[in-house]
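First up is the structure itself, then whatever we jot down about it.
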Amino acid sequence: MHYSAYCRFRDLSNGYIMAEIFYWYYPDDIQMHSFDNGASLSTKLGNWSQLEKFFLKRKLNISKELIDGTIHCKPGAAEILVQEIYVMLTHRRVKTIQDNEVDFTDRHYQEHLPMVARSTATKAVKSNITLSEILAEPDIDVNKQKVQAVINIHLQQRQQERIADPKRFNVKPSLGERAIRLMPPPELNQSETSLTNRSSSSSSYTSSQTDIRSKTNVTFKEIKVKQGDRSYVSSSVSSTTPPSTLSAP
């Protein structure tokens with residue numbers, strides 16, 4: 001983070017400049033003698049507490065996340081807060097200075113650095129979670145969730161690095177990545193699909209018969225069946241036939 005950017009965050013973090021801005025538009029609601037231009041955490045929380053009461057009174061929609069990010073000098077929070085206040089007070093549109101989605105971390109700054117200069121997981125936690133943030137919210141469970149969110153973002157960056165430069169990390173493609181991807185055939189209507197299925201079935205049946213007939217290596221084997229003795233059958237038939245009557249001479 002550049003020193004000039006850090007100074008800009010620090011100047012806006014105590015809320016004194018914001019109180020001066022709103023005093024110009026609402027002199028009856030803002031009492032400047034009740035604001036302290038200090039740098040301690042208690043001073044910041046006190047000034048912003050008065051401003052939040054004023055926002056609630058005037059029904060000004062200022063995000064609590066933006067306020068907390070400005071107090072703890074989160075990257076991008078002060079700029080977005082100034083933009084929203086400018087649009088709110090002047091009713092004019094302003095071109096945003098943030099090109100990407102802001103998550104109040106140094107993720108976009110790390111993406112512009114070479115891989116060897118990017119932060120480790122420990123450095124990412126130290127850079128994105130400030131001491132004032134821990135003092136303002138001493139709950140261990142809440143701080144654990146913040147740390148886990150920073151680590152998850154860091155792991156996502158590492159995964160993108162491995163995808164972008166697999167040779168550097170000696171990543172070998174899997175079998176699915178090596179496989180050739182074929183486009184699926186275009187979808188047909190139900191009638192066309194039924195006709196296609198019928199024609200394919202008939203053609204397959206005809207082709208199967210043709211293939212069988214065209215094969216020259218098909219051999220046929222003659223099976224000989226052993227039959228019984230015919231003499232025994234004929235003798236049995238003759239024995240059962242009645243003798244013929246002889247005519248007298």
Side-chain angles (χ1 to χ4, degrees), residues 1-13 41 44 61-87 93-189 193:
M1 184 184 299
H2 298 288
Y3 178 75
S4 59
Y6 177 77
C7 292
R8 183 169 65 251
F9 298 154
R10 184 187 61 185
D11 293 339
L12 297 174
S13 62
L41 179 61
K44 295 178 182 180
N61 188 15
I62 302 295
S63 174
K64 177 66 176 176
E65 186 179 4
L66 282 178
I67 295 175
D68 292 340
T70 304
I71 292 175
H72 305 302
C73 301
K74 293 288 184 177
E79 288 91 335
I80 298 176
L81 181 62
V82 171
Q83 291 178 19
E84 290 194 0
I85 292 176
Y86 176 81
V87 173
R93 293 185 178 180
V94 60
K95 184 179 179 180
T96 178
I97 60 177
Q98 299 291 339
D99 297 333
N100 300 318
E101 183 180 358
V102 179
D103 51 9
F104 300 150
T105 62
D106 62 345
R107 177 169 59 92
H108 300 296
Y109 172 71
Q110 294 291 328
E111 290 177 353
H112 290 83
L113 295 177
M115 292 185 182
V116 295
R118 295 179 182 178
S119 300
T120 60
T122 306
K123 179 64 175 177
V125 173
K126 184 178 179 180
S127 301
N128 294 288
I129 298 180
T130 60
L131 179 60
S132 62
E133 189 175 0
I134 298 175
L135 295 176
E137 185 60 54
D139 190 355
I140 297 178
D141 294 334
V142 175
N143 291 325
K144 282 183 179 180
Q145 293 177 1
K146 293 179 181 179
V147 171
Q148 188 62 42
V150 174
I151 293 176
N152 291 338
I153 294 175
H154 176 74
L155 293 178
Q156 291 177 2
Q157 289 180 342
R158 288 300 184 186
Q159 188 66 25
Q160 292 176 359
E161 292 174 5
R162 294 172 68 89
I163 296 174
D165 192 0
K167 293 183 179 180
R168 175 182 175 85
F169 298 95
N170 196 19
V171 178
K172 297 181 180 179
S174 62
L175 182 61
E177 293 174 350
R178 294 179 180 179
I180 300 175
R181 306 287 178 172
L182 299 178
M183 295 296 294
E187 296 182 356
L188 301 176
N189 297 330
T193 306

Nearest 0.5 Å, please: how far is [atom2] in [Y] from [atom1] in [X]?
X	Y	atom1	atom2	value
Lys126	Thr120	NZ	OG1	10.0 Å
Ile134	His72	CD1	NE2	10.0 Å
His112	Arg118	NE2	CZ	10.0 Å
Glu161	Gln157	CD	CD	7.0 Å

task = Starting from the C-alpha separation in whole Å, work towards a yes-or-no answer on side chain to side chain contact (heavy atoms under 4.5 Å, CB included) for Val82 and Leu12.
result = CA-CA 9 Å; Val82 171; Leu12 297 174; 3.9 Å; yes

Is the shortest heavy-atom distance from the side chain of [X] to the side chain of [Y] under 4.5 Å?
X	Y	value
Thr70	Ile80	no
Ile129	Asn143	no
Gln110	His154	no

inquiry  = Test your reading of the model: is there a side-chain donor-acceptor pair from Arg168 to the backbone of Arg162, 3.5 Å cut-off?
reply    =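 Judged by distance alone, no pair lies under 3.5 Å.
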
request  = Look only at the side chain of Asn128 and the backbone of Asp106, and say whether a donor-acceptor pair between them is shorter than 3.5 Å.
outcome  = yes

What's the shortest heavy-atom distance between [X] and [Y], and which atoms?
X	Y	value
Ala77	Gly69	CB-C, 3.5 Å
Met115	Asp165	CE-CB, 4.0 Å
Leu113	Ala117	CD1-O, 3.9 Å
Ala124	Ser119	N-CB, 4.1 Å

request  = Assess the side chains of Thr130 and Ser132: does a donor N or O sit below 3.5 Å from an acceptor N or O?
outcome  =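 Yes - a donor-acceptor pair under 3.5 Å links their side chains.
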
ask   = Judged by modelled atom types alone, do Gln148 and Asn152 share a side-chain donor-acceptor pair under 3.5 Å?
value =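 Yes.
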
ask   = Salt bridge check: are Lys146 and Glu137 linked by an N-O gap of less than 4.0 Å?
value =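 Result for this pair is no, no salt bridge flagged.
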
